[in-house]
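Just follow the structure's listing: the first ligand is 1, and inside any ligand the first atom is 1.
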Amino acid sequence: MSTIKTRIAPSPTGDPHVGTAYIALFNRCFAHQHGGKFLLRIEDTDQQRSTLKSERGILDALNWLGLTWDEGLGVGGDNGPYRQSERVELYRQHANFLLDKGLAFPCFCSTQRLDELRKAQMAARQTPGYDGHCLSLSQAERKRKMQSGQPYVIRMVVPKQGECHFTDLLRGEVTINWAQVDMQVLMKSDGLPTYHFANVVDDHLMAITHVIRGEEWINSVPKHILLYQYFDWDAPEFCHMPLLRNPDKSKLSKRKNPTSINFYRDMGYLPEAIVNYLGLMGWSMPNGEEKFALSEMASAFDIKRVSLGGPTFDAEKLDWLNGRYLRENLSDEQFALRYLQWANSDDRLGRVAPLIKPRVEKFSDVIGLASQFLDGIVPVDAAQFKHNKLSAEQNIRILQFSLWRLEHLDTWNRDLIEKSLLDLSEQMNLKVRDFLFPLFVSISGSAVSTSVLDSLSILGLDISRARIRHGVEVLGGISKKLAKTLEKEFRAL
Ligand code: GLU
């Protein structure tokens, strides 16, 4: 048997998600338990949404957690490049191979035709999907359309009847009807591959033996298996991990809970405790011990011990475990050292100094003014918001709109924060003072403090977001109905 190789293939389209770390952890343990290798590649073929900033954030977060990889971006290896945007020629060659064999075809259908088709299928209660219209074009017609410069995508041929069977390491045999599988687009009209195509080509070329990923991909397996068959390649083993859930069992999402690894870093959790906690998501040590190191997990790892009931990512349990790490794993000296490292990460104290220096008379005054920069989610109550004479709903609106604006900043610095918030206050027709007030209260938790713009820039997006959200909750929260209204109003600004 060839060397076991697993991979993580994140798309760089947002903050580093705890779900990515969870899947990375299980892939890494599986590979290392078998003496194999763990690879990382970046799936950045969605040009609209992929950013280098997000890619950097994901790599930094995984490294911070100690979930390092043996091959891939930043590490190197024989199968690079490890960024899909740099492999486009390879996908093109593979798509041409399928076209030549008649296993894929160019599709010239317009978006309008596809929209109408979908609508008609929905109205007739059929599974929406491509109807094979361009399959019947003759070679001559295809050539003529291509030469006339008509835009096209490349789709794969998919059988209409029968069933696809495959084995999932956790679920056993899975059966999916081919009728449910769409004639997937492999190459888009912009010449870039889709996820499905690039993913299969890369997993093969990078010699991946086991694909361990989130369960949201299970319905894609038939397309992938078919591609392996078309190329006459051996398919890897598939294993679909249960998704992380909120305590109310809904899918873990940043609407309900912080999901960015950076939030947990900035709150002062230890990376080793977070990794241990992720190891408890659907898995347990054979001896039932809940506290274990990454190396212990890797040596005892057995994928069959993953249970399929949706694992709950519960902040309280993480607190409990992190507390044990602080108490049991760190000497007093180490505790002090790691606290100081955390408190001064990114030169935080250096950046706070010019803000508080003008307002103190002696060092013992410092902690009172600086505490908000070393705090997590600061306590606030509804009465504190009353000062600007705006209604609770209006204050919620300011907080939510500000958050949406801040989340879209490319770079987190004071000037950009200031500009985006001042623009917003103007668009909302509010006096700057009234506008900034609910932000000030939510961020500082107090009536006197340094400028909220400075505070935001030092605290970073993740802690700021959590405090703003807390402010919104204290003011009564956002019902589903209000959320809809707010989204509409925000888009209209
Ligand atoms: N790029 C995909 C993601 O971000 C990878 C899925 C897979 O592992 O196949 O989830």
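For Pro10, no nitrogen or oxygen atom sits less than 3.5 Å from a nitrogen or oxygen atom of ligand 1, counting backbone and side chain alike.
Below 4.0 Å from some heavy atom of Asn199 lie the following atoms of ligand 1, by number and element: 7 (C), 9 (O). Which parts of ligand 1 touch Tyr195 is read off a 4.0 Å heavy-atom cut-off, strictly below it: atoms 2 (C), 5 (C), 6 (C), 7 (C), 9 (O). If you number the atoms of ligand 1 from 1 as listed, the ones under 4.0 Å from a heavy atom of Glu43 come out as 1 (N), 2 (C), 5 (C).
Side-chain polar atoms of Tyr91 and Asp202 form a donor-acceptor pair below 3.5 angstrom. For the residue pair Asn413 / Thr411, no side-chain donor-acceptor distance below 3.5 Å is found, with atom types taken as modelled.
Phe238 has its ring centre no less than 6.0 Å from the ring centre of Trp217.
By the criterion of a heavy-atom distance under 4.0 Å, neither the backbone nor the side chain of Ile8 is placed next to ligand 1.
With respect to atom 5 (C) of ligand 1, the closest heavy atom belonging to the protein is Ala9 O, 3.3 Å. At the shortest separation from atom 8 (O) of ligand 1 among protein heavy atoms lies Arg7 NH1, 2.6 Å.
For the pair Glu216 and ligand 1, no heavy-atom separation below 4.0 Å is found.
Listed by first and then second residue, the salt bridge (charged side-chain N to carboxylate O under 4.0 Å, His left out) pairs that reach into residues 176-192 come to none, sequence neighbours excluded.
Atom CG of Asn246 and atom OG of Ser253 lie 5.5 Å apart (nearest 0.5 Å).
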Sequence neighbours left out, cut at 3.5 Å: what donor-acceptor pairs do the side chains of residues 310-324 make with other protein atoms?
{"unit_1": "Thr312", "atom_1": "OG1", "unit_2": "Lys249", "atom_2": "NZ", "d": "3.1"}
{"unit_1": "Asp314", "atom_1": "OD1", "unit_2": "Glu316", "atom_2": "N", "d": "3.0"}
{"unit_1": "Lys317", "atom_1": "NZ", "unit_2": "Glu290", "atom_2": "OE2", "d": "2.6"}
{"unit_1": "Asp319", "atom_1": "OD1", "unit_2": "Tyr269", "atom_2": "OH", "d": "2.5"}
{"unit_1": "Asn322", "atom_1": "OD1", "unit_2": "Leu270", "atom_2": "N", "d": "2.9"}
{"unit_1": "Arg324", "atom_1": "NE", "unit_2": "Glu328", "atom_2": "OE1", "d": "3.3"}
{"unit_1": "Arg324", "atom_1": "NE", "unit_2": "Glu328", "atom_2": "OE2", "d": "3.0"}
{"unit_1": "Arg324", "atom_1": "NH2", "unit_2": "Glu328", "atom_2": "OE1", "d": "3.4"}

